[in-house]
Trainee: 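After the structure tokens below, expect a handful of questions from me.
Ligands are counted one by one from 1 in listed order, and the atoms in each one are counted from 1 as well. Residues: numbered from 1 along the sequence shown.
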Amino acid sequence: MSTTISLKEVSASAHEALNAFHREFERFANTSEAESVGGALNLEDGVAEQRALAEVRTKCLGKKSDLAGLKKMIGRVAPEERAQVGQLIQQLERTMTESLDQAEERFKSQLETLRIERESIDVTLPGRRPSRGHLHPITLLRERIEDIFVSLGYAIEDGREIETDFYNFDALNIPLNHPARAPQDTFYTTEGFALRSQTSTVQIHAMQRRGAPVRMIAPGRVFRRDTPDPTHNPMFYQVEGLCVDRGISMAHLKGTVAEFLRRMFGPATVTRFRPSYFPFTEPSAEFDFSCFKCGGSGCRICKNSGWIELGGSGMVHPNVLRVVGIDPEEFSGFAFGLGIDRMAALMYNIDDIRLLYQNDVRFLEQFS
Ligand code: DAH
């Protein structure tokens, strides 16, 4: 049988329990609303202190606490003292609970403030502007060329980059033994297919689809087996032009190319045609224009010649018209082709065209 416990003994134990609580609770007791939580200056420390407070609660009010021990004593107190002992223990529990609750409340509101401070945005700080980017210099130039020809009544055609031998060669009147067909120059994919080495292929598609009369330009990529160096790249850009109608002559070709170049490089630009040879035109000519930099007197850009070579042209060969079912007795036409990259390199003074394909923004940024 267990011995009875007196009110005095319980009261002494309760006193001890309260002292123990105060020791544990001391560091949480003095923090006012204005002060930082439990002496914590930041959110992380604050959260750690909050957790420490919860541990004090378990230690002083939990199942293994002194308080729990005191409650167990009640049964062993003489009945006439039980009510008083009960009150005493209740009082002790209330004191501790209230202190803990108050501290807990303070933690909550102070941590909330710290969290809001952390997440808040200073709207007075200058914003971080995303860089906007801009079109590639080749695209810019292509669009200028397109605008000029559209204003002259030309449609814009989009061709294929992989072509059959028919469009690459046969239809363009390129004979079987022509060097352009050699695998040293052309990228063949599978038998009978190759990456187009010129945009002239689009002439054939356009005439097949549209018949005559037709006026179109076709900008696009072409591929040749060249070793890259400052003036060569196995992939580059061309613009093809084609005009077929009744009564078209070399004069129309010259007038059109001259007008295009005047709009491109200014009204004083002079154009010159030199006889040449292309399988798909007869007669054929290459054309140059007076240097946009020195106006023809000679400079570094035109290598002191006063002229800049730009492209090939000619009157569409009757064989080419026949292939697409256009009667060369009724219709005639001219065609031309020029390189966009070369033009870009000259205009922007780029001494290595490979820079145009490397997509290095430090280089491209210059051309916005
Ligand atoms: N395709 C030729 C080349 O890549 C350029 C060319 C010359 C295109 C004469 C034409 C033309 O349309 O008539 O060098």
Side-chain angles (χ1 to χ4, degrees), residues 142 145 149 152 154-157 159-161 163 165-175 178-182 185-187 194-208 210 212 214-226 231-245 248-258 260-261 271-289 308-321 323-324 326 328 331-343 353:
R142 194 200 73 213
I145 297 169
F149 279 102
L152 294 174
Y154 283 68
I156 294 167
E157 285 279 341
R160 307 167 185 172
E161 290 177 354
E163 278 291 7
D165 282 348
F166 174 77
Y167 289 98
N168 268 326
F169 309 117
D170 304 298
L172 288 167
N173 201 36
I174 297 173
H178 195 278
R181 293 199 185 226
D185 291 326
T186 301
F187 289 107
L195 301 184
R196 66 178 179 194
S197 55
Q198 50 185 2
T199 44
S200 301
T201 52
V202 190
Q203 289 185 27
I204 309 301
H205 288 289
M207 287 189 286
Q208 281 181 332
R210 294 169 183 268
V214 62
R215 263 184 298 197
M216 68 91 191
I217 60 161
R221 290 196 283 196
V222 299
F223 307 85
R224 287 182 196 175
R225 291 192 62 166
D226 273 327
T231 55
H232 294 86
N233 198 59
M235 184 281 298
F236 57 100
Y237 288 79
Q238 286 191 332
V239 187
E240 190 75 12
L242 173 74
C243 168
V244 178
D245 207 338
I248 296 292
S249 72
M250 199 95 184
H252 296 106
L253 166 63
K254 294 179 87 172
T256 304
V257 171
F260 160 64
L261 290 169
T271 310
R272 157 178 104 167
F273 286 78
R274 286 177 286 111
S276 187
Y277 169 78
F278 298 101
F280 34 90
T281 42
E282 181 59 38
S284 305
E286 283 173 65
F287 55 92
D288 314 329
F289 66 103
I308 294 174
E309 296 179 13
L310 193 58
S313 66
M315 299 307 293
V316 181
H317 198 290
N319 286 351
V320 175
L321 293 175
V323 162
V324 293
I326 294 175
F331 289 99
S332 55
F334 64 78
F336 59 88
L338 52 95
I340 306 184
D341 325 57
R342 223 183 84 77
M343 210 157 149
I353 59 159

Trainee: Donor-acceptor pair, distance only, cut-off 3.5 Å: does the side chain of His205 make one with the backbone of Val202?
Mentor: no

Trainee: Tell me whether Arg272 contacts the main-chain N or O of Asp288 through its side chain, where contact means a donor paired with an acceptor under 3.5 Å.
Mentor: no

Trainee: List the residues meeting side chain to side chain donor-acceptor pair (under 3.5 Å) with Glu282, not counting sequence neighbours, and say none if there are none.
Mentor: none

Trainee: For Thr201, give me all partners under side chain to side chain donor-acceptor pair (under 3.5 Å), at least two apart in sequence or on another chain.
Mentor: none

Trainee: Tell me every residue that passes side chain to side chain donor-acceptor pair (under 3.5 Å) with Glu309, counting only those two or more places apart in sequence or in another chain.
Mentor: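 So Glu309 forms no side chain to side chain donor-acceptor pair (under 3.5 Å) with any residue.
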
Trainee: Quick one, list the residues around ligand 1 where some non-hydrogen atom comes in under 4.0 Å, by chain and residue number.
Mentor: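 Correct list: Gln198, Ser200, Gln203, Arg224, Gln238, Glu240, Phe278, Phe280, Thr281, Gly312, Ser313, Gly314, Ala335, Phe336, Gly337.
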
Trainee: Could you tell me whether Arg196 and Glu163 have a side-chain N and a carboxylate O separated by less than 4.0 Å?
Mentor: no

